[in-house]
Every structure is written in C-alpha cells, then in structure tokens.
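Here the structure comes first, spelled out in structure tokens, and everything after it is commentary.
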There are 2 protein chains.
Amino acid sequence: MTAMTYDDFKKTFMLSVEDICRDICRDQQYSIKIKNEDVAVKNLVIIFNATLELSNRKGFQAMSLRDLSEKTELSLGALYAYFSSKEELLDIIMSQGWRIIDKALTRQIAGEKDIREMLRAAIKTHLYLSEMLQPWFFFSFMEAKNLPGEQIKKIIRSELFTEKIFADILQDGANKGVFSIRKNELMLTASLIKAILQDWYLKRWKYVRRGETIDEYARFAIGSIEKMVLSDARY
Amino acid sequence: MTAMTYDDFKKTFMLSVEDICRDICRDQQYSIKIKNEDVAVKNLVIIFNATLELSNRKGFQAMSLRDLSEKTELSLGALYAYFSSKEELLDIIMSQGWRIIDKALTRQIAGEKDIREMLRAAIKTHLYLSEMLQPWFFFSFMEAKNLPGEQIKKIIRSELFTEKIFADILQDGANKGVFSIRKNELMLTASLIKAILQDWYLKRWKYVRRGETIDEYARFAIGSIEKMVLSDARY
DNA sequence: GTCTATAGTGCGATAGAC
DNA sequence: GTCTATCGCACTATAGAC
C-alpha cells in the first residue's frame, strides 16, 4: 500500500466514465430523451468533456450552448435531447462527479492498521482521485459559488468531511503518541493538509509546466506533512 | 518585526481606498466622465465594493449591471459615467488591486538580516496583505480564467514572482545551513508555502466560522512551515 | 450628475421538417 | 436522433430629458 503509485490506483479504482454515463442515462430524475443507450452514452461523454473543457477555460456561465454545440459537433436542438436546460446539464455533471467519487471511496478499504500508513494512504487516495478527475475537481471548486443552494451545500459538506477524515487520523495518531499536535491546532493542521492536496488540482498548469508528476508530488506532500506532525520521538 | 500583528500592519501600510480611487480618477486611460472628484471618488468606492461583493457571490459574468445598479443605488445610466463598458469596470478593479499591492510592497522594507526572520516577515506580509484585500484576492483568483489575456498574464507573473520570493529565501537559508531542503524540492517547497497562504483567503468562510483570526493563522503557518524547512540542527 | 426609456444583440429554449 | 429556423427575453450600452 505504501508504495502504491498513481498507475496502481488507476488500475484498481478506474471506473469507466461510460459506466457512470450509463447510470445517468437510466436515472429517472433526468430527462434524457435518447432511447438508444449506446448513442446516448457516447454523446454524453462527449458533452461532459466538452462542457468541462469550455467551462474551465472561460466559466460555465460564459459558455454558451452555441459554443458547446460547436465543440461537440451536435446541433443546438440535438443537445436538448440530452438535457432539458443548461442548469440541468450542470446538475448532471455535478452528480456524475459525485457518483465516481462515491464508487471510488467505497472500494477503498480502510484496512491500514499502522496510523502512519493510514495518513499516507489518505493523502494518496485524495491526490490520486483528484488527479483522475482533475477537470471535475477544478470545475466544482471554481463554479461552487454560482451553483444552486443544494449543490453548494453538498460541496461544503464534502470539504468538511474530507477535513474530518484527516482530523480523525491526526487525533488518533496524537493519542498513540505517533503524532505531536497541539490540541487547539488539530483542525488547522487538517485544513493545512487539505490546502496542500488542493493545490495540485488548482495549479496543475504550474506543476505540469515544471514536469512534476503526481507521484513526485505525493511523495513530497507526505514527507512535508510528516515533518509537521510526527512527534520528535520518531528518531 | 517578529511580533508584528495584523493591527500593526494595517497601521503601517493601510492605504485608504479613497486615495487609490483618486489615482484612478486622474488616470487618463480610463474614461470617467465625472468632473467633481469628490463625487467620483465616493461613488467609485461604492461601485468597487458592490462589484466585488456581487461577483464573489455569483461570478462577475453572472452579475448584471442591473444587479449592480440596484446595489449601488445608482441608475444604469449613471453607472456608465464611471466606466465605458463592463469590461473596463473589470479592468479598473484589477488595476486598483495591483496599485495597492505595489504601494504596500514598496513601503515594505526588506531590512531583515536573520534569514529565519526574513521567512517569517515574508509569510506575515503576504498573509496580512491578502487579509486587507481579501475580496480582491478572492476575486482575482476566481475570475482569473475569464479575464482578457493581458490580465491573466499579469496574474501568472504575480503567482510565479511570489513563489520566487520564497524560493530565494529558502535557497539562501539552505546555503547558510539554517534550512534543510533537498535541492530538487526547492520549488515544491515554495509552492507549498504559497498554497498555505492562499488557503486563508480562498477558504476564509471556514476559518471565520471557526473563530480563527489572521494572527492565529499566521502563527500556525509559521510554526508549520518552520517544522518543514528548519534543519534538525536547530535544537 | 443622474435619471428613464429604448435600441440592438446574443442568449436559452422550442417547433417542426427530415 | 438530428437538423434548421425562430421565438421571447434579458442583457449591455446609448440617447436625451431634467
């Protein structure tokens, strides 16, 4: 587990986007009018990718359906067979991301006994997941404030949930004497870890430009975080 | 210097927004039609604050001039006496932020001799500046990708410049044996410091909700960063 | 200097042919 | 299932009264 790389992660957790799109097609709550599932899935994948790319370049609001029509090579009318409004498109994309995250985390077994390994595994899982879904993570961070109230609550809950995972590991480690963290700095430390993990998908352009890989970043992040939290008795 | 608090910083570097607006009024490159400077400055302050507030809630693109008109209690026609287009408004707001940052950094004397104090001063200066201009920093991060090419380049240059400041301090400290940083991890460490500083203005809602102050955050950030970079010989 | 009224544009969304 | 053509609306921006 310790030596898990991004490639290992992808092999284990890779969920084909097609499968997720198939789920969405069958979901009664959306109004996808296409009956032929293969056609629907194929085009949904195209639409999602195009939406993320256009939105991440100029913002979802600023992306017109005419832009999307051009990029997907589907007419305006055809697009409306896949969603009933631009807002529903946003909704489907958000739910698609949550579905993948849920599935990935469900498959992730919290089987680590050693607290230090638990922290490492949590860091890697979060980094690798955000790498796999980088456009979606970037999108949901950037568009968060424009989203309808229900979506924004989900994002905040997710932010706090992730933080809680780290806070619990830190607390556990502190109790066992493995970590040394001031009592009133527990949440701050968890936030700081989150900030480090988030930087990878928010500033990906910078890291890619320097030729840094996700595995190098994970290694560096783990090393830095351990320097902060491991008790000095480690030597 | 070490014990500088946010209040000290504000007293030393506080630049009245009014003064910056006065600068902007006199700037020939903008087409502000109001001749009475006092009226112009007063309303510009109102317009800037309203724009930042509305944009940070729902995005600049999504904010209509009707929204802005309502919030500022100025009519649509009146607004156009202060800028010639929505894009120019964006331009003026960006330039207003840069002006304040330039002035603040110019006043900041890099008088520290001790390398450890230099790192602390740099961290505090960046945190305090982003606290003073939090809505602007948040705005320019969130709207960066929607901005015209010239503005986006300026933001990227600023990101890399800040990072370079930290990289130089780290390199200097490493040469002197005060810091212990692997050679190939210098830029990663600088990026990590930036990420920690950035989290304060990006997730301000979270920290404020928990009742954490900027001074506590600064203290915690300095402690954490020093744990990562100080060589073990410090004890 | 600020207002109201409106011109002109491009958007999201729909209708109906194929 | 996909297309073209078009409706109605809300936006940015302007004109002209006060």
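Proteins get letters first, then strands, A, B, ... in listed order; numbering begins at 1 in each.
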Take the angle between the ring planes of B:Y6 and B:Y128 and call it parallel below 30°, perpendicular above 60°, tilted in between.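 Plane angle between 30° and 60°, so tilted.
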
Using the six-membered ring wherever Trp is involved, compare the ring planes of A:Y207 and A:W200 and label them parallel, tilted or perpendicular (cut-offs 30° and 60°).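 The arrangement is parallel - the two ring planes meet at less than 30°.
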
Sort out for me which residue in A:E212, A:R210, A:K203 forms a side chain to side chain donor-acceptor pair (under 3.5 Å) with B:S191.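 That would be A:R210.
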
How long is the line joining [atom1] of [X] and [atom2] of [N], in whole Å?
X: B:L79; N: D:dT14; atom1: CG; atom2: P; value: 13 Å
X: B:Y80; N: D:dT12; atom1: OH; atom2: P; value: 6 Å
X: B:K33; N: D:dA13; atom1: NZ; atom2: P; value: 11 Å

Extract, from 5' to 3' on DNA chain C, the first and final nucleotides lying under 4.0 angstrom from some heavy atom of chain B.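 With heavy atoms of chain B under 4.0 Å away, the range is C:dG1 to C:dT4.
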
For B:F83, report the nucleic acid contact type (base, sugar-phosphate, nothing); a contact means any heavy atom under 4.0 Å.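 Counting heavy atoms under 4.0 Å across all strands, no contact is made by B:F83.
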
Just checking B:N43: base, sugar-phosphate only, or nothing, at a heavy-atom cut-off of under 4.0 Å?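 Sugar-phosphate: the residue B:N43, judged by heavy atoms under 4.0 Å, touches backbone atoms but no base.
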
Flag side-chain contact, heavy atom, 4.5 Å: A:S69 against A:L74: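 Not in contact.
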
Between B:Y201 and B:F138, is the ring centre distance below 6.0 Å?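 Ring centres of B:F138 and B:Y201 not closer than 6.0 Å.
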
Could you run down the sub-3.5 Å N/O contacts of the protein with nucleotides 4-7 of chain D?
none

State the CZ-CG distance between A:R57 and A:L52, to the nearest 0.5 angstrom.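 With rounding to 0.5 Å, CZ (A:R57) is 12.0 Å from CG (A:L52).
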
Give a yes-or-no answer on whether the side chains of A:S31 and A:E88 include a donor-acceptor pair shorter than 3.5 Å.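 Yes, a side-chain donor-acceptor pair sits under 3.5 Å.
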
Just grab all the ring pair (Phe, Tyr, Trp, His ring centres under 6.0 Å) pairs involving residues 64-88 of chain A, residues at least two apart or on different chains.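 Only A:Y80-A:F83 qualify under ring pair (Phe, Tyr, Trp, His ring centres under 6.0 Å).
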
